[in-house]
Amino acid sequence: MKMKNRTLILDCTKKIGENVTIYGYIQTRRDHGKILFLDVLDRSGLIQVVVSKGAHLRGVGQTESKSHLGGEISPQDVVTISGKVNKRPPNLVNKNIPTGEIEIAAEKIEVLSKAEELPFDMGGKDLDLQLPTLLDYRSLTLRHPKVKQIFKVQATILEGFRKISKELGCVEVVVPEIAVSSTEGGAEVFKVDYFDHKAFLTQSPQLYKQMLVPVFERVFTIAHAYRAEPSVTTRHLAVATQLDCEFGFVDFEELLDLLEKAGTETLKFAEAESKDVFKEWNLETIAFGSSRGAGEAGKIPRLTLREAQELILKEFKRDNTKEKDLTPQDEIDLCTWAKNVHKSDFVTITHFPTQAKPFYTMPDPKNSEYSLSYDLLFRGVEVMSGSQRINDYFQLVDSIKSRGMDPKNFEMYLQAFKYGMPPEGGFSFGLERMTMHVFKLANIREAALFPRDMERVDIRLNK
RNA sequence: GGGACCGUAGUGAACCGGUCAUCACGUCUCCCUGUCACGGAGAAGAUAGCGGGUUCGAUUCCCGUCGGUCCCGCCA
């Protein structure tokens, strides 16, 4: 079969009166007896195909004449259809689709791949399934137009991040995801058998992107982060995708500007590229903060952890002022406050306790109890975190020791510092979390193509 | 790791201590040349997750078990 003669469905709008051949998937069929309507979908869009059953349909496989009448065509069948593109009569135009002014009068229909009976109805505007069903049939449910749109937007987030990172002078790097005998601390790690040696999957690209700062000064990487935390929540995955930047020769204030710029520019790009999806899903536009003055760009409110906790006490009457981190409810309330007061879906929180942050985090020189660290909250959840890093070799070794870890296990990493490391820092966005909150999804698993959690790796795991 | 709640046709939901467990979508048969989530008529499809208990009688109440969802903790 030759597909050179293929016309993309959306391009049919420019081929009125011409004969075309389209390739795609059956979305719905509406059988009116002597006339049959098929909605056919390809990567460009959807078109209505009209099959007049009284008419003679030519084509191969005359013995399967029934299928040529559309009798055996059912949803998700992969088909090729040839026919003439006709302008619809004015009273039959469908204003809801880009191809609503045309339709194809089928002359030949061929089923290239027959789909089994579907386990649920895919033809509706929404896919109304419980989460386990949605994931048990993931390779099928991803085809649904509205599910697909989640990942089309996710792709624009990736593209937006790459774009702004390059604009900020970062070089894209790819870093290893298997490491040996040392961890950053914090989350549990997945152990792997590496040629009879113990190894683990990296919790983040953190250490490698830092090692590349003296090489390129500014780098970015898109990498998987593997976390073996035995936690089951709506916002955690065992494998998440991180969008990381790391910058040499920056101080804390510059880093704050950079992280806010990277976050807002990424999402501004994604939003601009996804206008159709925002409309289809009826998504709220993202609030990037009110301007503080003429000519000044949008501003995201910045608070230290302690200031944020004071605000929670004052505005929401909950005393968490002694806690070392924000609670999930605190994050929700702070974003509500930022939205109301600053017209921002974002809040930057800085100066978390040094002890609560990883060893590479720079303590605040003014008060080492707190660190030069920050989280970016977006719509009630942390979507990014980062910090100014310790760049002095001896201070870094002391920090590793102070957390009960052995500097010998960080030999390659420390080498980068031993031979000269500029003042540096960076940050890391969670791709699935950003996607989740752009769409306001209830569970992060819906924002991952093939989510991994404690109970599932594609299929449900046996206990 | 702690807690709360939920398991009913393929899917999503409803109801109920008492004769035949209800509805929508999907499926099958038939009707329909203009629908676009088409419409109309009919049919099939469920030992109510599993095990035990209370009761004259349990899908319904209780206990256990398995599975799931959510919240907290941990974590990003």
Side-chain angles (χ1 to χ4, degrees), chain A residues 27-40 46-55 74-75 86 88-97 99-100 103 105 116-137 140-141 144-146 184-189 203-204 206 225-244 323-329 331 352 356-358 373 375-377 381-386 427-434 436 442-445 453-456 460-463:
Chain A
Q27 196 65 16
T28 50
R29 62 173 283 161
R30 295 179 292 280
D31 195 339
H32 289 237
K34 290 202 178 65
I35 191 168
L36 169 69
F37 300 101
L38 299 172
D39 286 345
V40 181
L46 182 83
I47 196 165
Q48 171 165 281
V49 172
V50 187
V51 186
S52 297
K53 289 191 187 173
S74 49
N86 290 325
R88 294 198 202 183
N91 57 321
L92 298 176
V93 165
N94 182 349
K95 294 193 188 90
N96 299 319
I97 56 172
T99 60
E103 61 191 8
E116 269 191 31
E117 183 186 327
L118 303 180
F120 35 75
D121 180 18
M122 294 274 288
K125 283 220 158 53
D126 291 293
L127 193 58
D128 183 21
L129 299 177
Q130 292 206 349
L131 186 62
T133 313
L134 185 77
L135 300 179
D136 283 345
Y137 291 93
L140 180 59
T141 57
H144 190 275
K146 289 202 73 175
E184 295 172 39
E188 295 286 326
V189 295
Q203 296 159 268
S204 80
Q206 176 67 30
Y226 300 90
R227 315 267 165 121
E229 281 300 317
S231 59
V232 182
T233 81
T234 53
R235 59 191 185 282
H236 291 90
L237 293 166
V239 183
T241 311
Q242 284 189 198
L243 315 180
D244 274 61
E323 300 296 322
K324 64 182 166 67
D325 200 353
L326 298 169
T327 68
Q329 189 60 46
E331 295 182 351
F352 291 87
K357 287 284 165 185
S373 55
D375 281 3
L376 183 68
L377 308 185
V381 80
E382 177 193 333
V383 294
M384 184 233 64
S385 74
F427 45 80
S428 175
F429 291 91
L431 177 66
E432 292 85 359
R433 279 194 177 180
M434 283 201 283
M436 174 188 180
N443 192 305
I444 196 168
R445 288 160 184 77
D453 64 34
M454 267 180 95
E455 313 294 345
R456 176 187 299 275
R460 298 185 212 187
L461 301 168
N462 295 319
K463 290 220 158 181

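From a predicted model like this one, the values you see are computed outputs, not experimental measurements. So that the names make sense, note that chain A is the first sequence line, chain B the second, and so on, each numbered from 1.
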- Taking the nucleotide of RNA chain B with the closest heavy atom to each, which residue, Gly124(A) or Glu229(A), is nearer the 5' end? Gly124(A)
- Query: What does Ala225(A) touch in the nucleic acid at a heavy-atom separation under 4.0 angstrom: a base, only the sugar-phosphate, or nothing?
  - Reply: nothing
- Check whether any side-chain N or O of Asn443(A) sits under 4.0 Å from OP1 or OP2 of C70(B), and answer yes or no. yes
- Of Lys324(A) and Arg445(A), the one whose nearest nucleotide on RNA chain B sits closer to the 5' end is Arg445(A)
- Item | Shortest side-chain distance from Arg235(A), nucleotide among G34(B), C74(B), A37(B) | C74(B)
- Item | Test applied, side chain to side chain contact (heavy atoms under 4.5 Å, CB included); reference residue, Ile47(A); option that passes from Ile97(A), Asp39(A), Thr99(A) | Thr99(A)
- Message: Contact between Pro328(A) and Thr233(A) at the side-chain level, heavy atoms closer than 4.5 Å - yes or no?
- Response: no
Could I get a table of every N or O pair under 3.5 Å where one atom is in the protein and the other is in nucleotides 25-27 of chain B?
unit_1: C25(B); atom_1: O2'; unit_2: Asp121(A); atom_2: OD2; d: 2.4

- Task: Identify the nucleotide, in any strand shown, that forms a Watson-Crick or G-U wobble pair with G1(B), with both distances under 3.5 Å; if there is none, say none.
- Result: C72(B)
- Tell whether Arg88(A) reaches the base of C36(B) with its side chain through a donor-acceptor pair below 3.5 angstrom. yes
- Item | Whole-Å gap separating P (U35(B)) and NZ (Lys95(A)) | 14 Å
- Are side-chain heavy atoms of Pro230(A) and Glu188(A) found at a separation under 4.5 Å? yes
- Query: Do the non-hydrogen side-chain atoms of Asp244(A) and Phe427(A) ever get within less than 4.5 Å of each other?
  - Reply: no
- Message: Taking the side chain as everything from C-beta on, heavy atoms only, tell me whether Leu140(A) gets closer than 4.5 Å to Leu118(A).
- Response: yes
- Complement of A37(B), any strand, by Watson-Crick or G-U distances under 3.5 angstrom: none
- Message: Please name the nucleotide paired to C15(B) by Watson-Crick or G-U wobble geometry with both distances under 3.5 Å, or report none.
- Response: none
- Message: On the side chain of Gln130(A), is there an atom forming a donor-acceptor pair with the base of U69(B) - under 3.5 Å, no angle test?
- Response: no
- Query: Side-chain N or O of Thr28(A) less than 4.0 angstrom from OP1 or OP2 on C38(B)?
  - Reply: yes
- Note on the structure: Picking from C72(B), U33(B), U35(B), the nucleotide nearest the side-chain atoms of Lys34(A) would be U33(B)
- Message: Once you apply a heavy-atom cut-off of 4.0 Å, does Ile97(A) come out as touching a base, just sugar-phosphate, or nothing?
- Response: nothing
- Closest nucleotide among G34(B), G68(B), G73(B) to the Arg460(A) side chain: G68(B)
- Query: Side chains of Arg445(A) and Leu134(A): closer than 4.5 Å at any heavy-atom pair?
  - Reply: no
- Message: Let's test this: given Watson-Crick or G-U wobble pairing with both distances under 3.5 Å, identify the partner of G57(B).
- Response: none
- Query: Across the strands shown, which category fits Pro89(A) at heavy-atom distances under 4.0 angstrom: base, sugar-phosphate, nothing?
  - Reply: nothing
- Message: Quick one about Asn443(A) and Thr234(A) (side-chain donor to acceptor, distance below 3.5 Å, no hydrogens or angles considered), yes or no?
- Response: no
- Task: Would you mind classifying the nucleic acid contact of Ser428(A) as base, sugar-phosphate or nothing, using non-hydrogen atoms under 4.0 angstrom?
- Result: nothing
- Query: Can you check whether His32(A) stacks with the U33(B) base, using ring centres under 5.5 Å and planes within 30°?
  - Reply: no
- Item | Spacing of the C1' atoms in U69(B) and A58(B) (rounded, Å) | 26 Å
- Do Thr28(A) side-chain atoms and Gly123(A) backbone N/O form a donor-acceptor pair below 3.5 Å? no
- Counterpart base for A44(B), defined by Watson-Crick or G-U wobble contacts under 3.5 Å: none
- Item | Side-chain N or O of Arg30(A) closer than 4.0 Å to phosphate OP1/OP2 of U35(B) | no
- Mind checking the P distance from G7(B) to A48(B)? Whole angstroms is fine. 14 Å
Which atoms of nucleotides 7-9 of chain B (N or O only) lie under 3.5 Å from a protein N or O atom, and what are those distances?
none

- Message: For a quick check of understanding: with a heavy-atom distance under 4.0 Å over all strands, which category does Gln206(A) fall into, base, sugar-phosphate or nothing?
- Response: nothing
- Under 4.0 angstrom, heavy atoms only, what part of the nucleic acid is Leu129(A) near: base, sugar-phosphate, or nothing? sugar-phosphate
- Which one is paired to C20(B), where only Watson-Crick or G-U wobble pairs with both distances under 3.5 angstrom count? none
- Task: Could you tell me whether Asp39(A) contacts a base, only the sugar-phosphate backbone, or nothing, with contacts defined as non-hydrogen atoms closer than 4.0 Å?
- Result: sugar-phosphate
- Note on the structure: Across every strand shown, the nucleotide meeting Watson-Crick or G-U wobble geometry with C25(B) (both distances under 3.5 Å) is G10(B)
- Here the distance between atom C1' of C36(B) and atom CD of Glu103(A), to the nearest Å, is 10 Å
- Would you say the side-chain atoms of Thr241(A) and Glu432(A) include a donor-acceptor pair closer than 3.5 Å? yes
- Message: Heavy atoms only, 4.0 Å cut-off, all strands: where does Ser231(A) land among base, sugar-phosphate and nothing?
- Response: base
